[in-house]
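Each ligand, and each atom within it, is numbered from 1 in the order the structure gives. If you read the sequence from its start, that first residue is 1, and numbering goes on from there.
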Amino acid sequence: MTNENTTPDSVSSSKPDSEIELLKSIEVSAGLVFRNGLLLITQRRAGDHLENLWEFPGGKRSAEESFEACLKRELMEELGIEVEVRDLVDDITHDYPGKRVHLKFFKCKWLRNEPQALACQNFAWVGPNQLKQYAFPAADERLLTKLFTGAELWR
Ligand SMILES: Nc1nc2c([nH]c(=O)n2[C@@H]2O[C@H](COP(=O)(O)OP(=O)(O)OP(=O)(O)O)[C@@H](O)[C@H]2O)c(=O)[nH]1
């Protein structure tokens with residue numbers, strides 16, 4: 001995990017504001033998939049943006065697709081699992097060098113199929129204490145704090 005902080009009001013970046021305004025954000029839907037009190041996380045593939053870091057599974061929304069539909073599709077493509085998409089837990093915009101991402105994180109309930117690493121390097125089901133041992137992208141910092149401090153999210 002990096003030390004970079006993001007809040008909805010302050011977007012961290014190394015670029016001047018004028019340049020950031022020109023960046024069009026990439027819209028991403030990601031899931032907090034719970035099953036029996038454990039959370040599913042995936043590892044990004046080597047060679048991808050933010051390679052080898054762990055993340056909440058999901059991906060880019062295509063035009064005309066809702067964030068919820070995008071998430072169901074991505075979870076099927078990446079892991080072969082079916083979920084029920086529930087509440088929006090966080091909504092974060094973050095600037096990486098040359099790239100602005102707008103992420104919506106939804107709580108999901110695992111419904112069926114054992115996960116398979118179809119489009120990720122690896123996956124793991126973790127509890128709150130294990131989650132601390134994995135390195136995540138800077139954009140996920142605020143959400144991770146919620147997960148570490150809010151036991152109700154895990155229920
Ligand atoms: N799914 C997911 N993406 C995240 C998280 N945090 C975060 O910064 N991202 C960023 O959101 C974008 C997700 O798009 P994606 O999963 O389709 O990424 P990708 O490898 O196809 O992107 P690329 O083709 O631009 O390299 C990536 O830039 C990824 O680094 C997260 O927790 N989950």
Where [X] and [Y] come nearest, the two heavy atoms and their spacing:
{"X": "S29", "Y": "F106", "answer": "OG-CE1, 3.5 Å"}
{"X": "L79", "Y": "F123", "answer": "CD2-CB, 4.2 Å"}
{"X": "E55", "Y": "D140", "answer": "CA-OD2, 4.3 Å"}
{"X": "Q121", "Y": "R44", "answer": "NE2-O, 3.0 Å"}

Side-chain ion pair, E27 and R61, N-O less than 4.0 Å: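 A salt bridge is present here (some side-chain N lies under 4.0 Å from a carboxylate O).
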Set of residues that line ligand 1, where lining means a heavy atom lies under 4.0 Å from it: V28, A30, R44, D48, H49, L50, E55, F56, G58, G59, K60, Y96, K99, V101, L103, F105, P137, A139, D140
K146 atom NZ, over 12 foreign heavy atoms within 6.0 Å: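 Enclosed.
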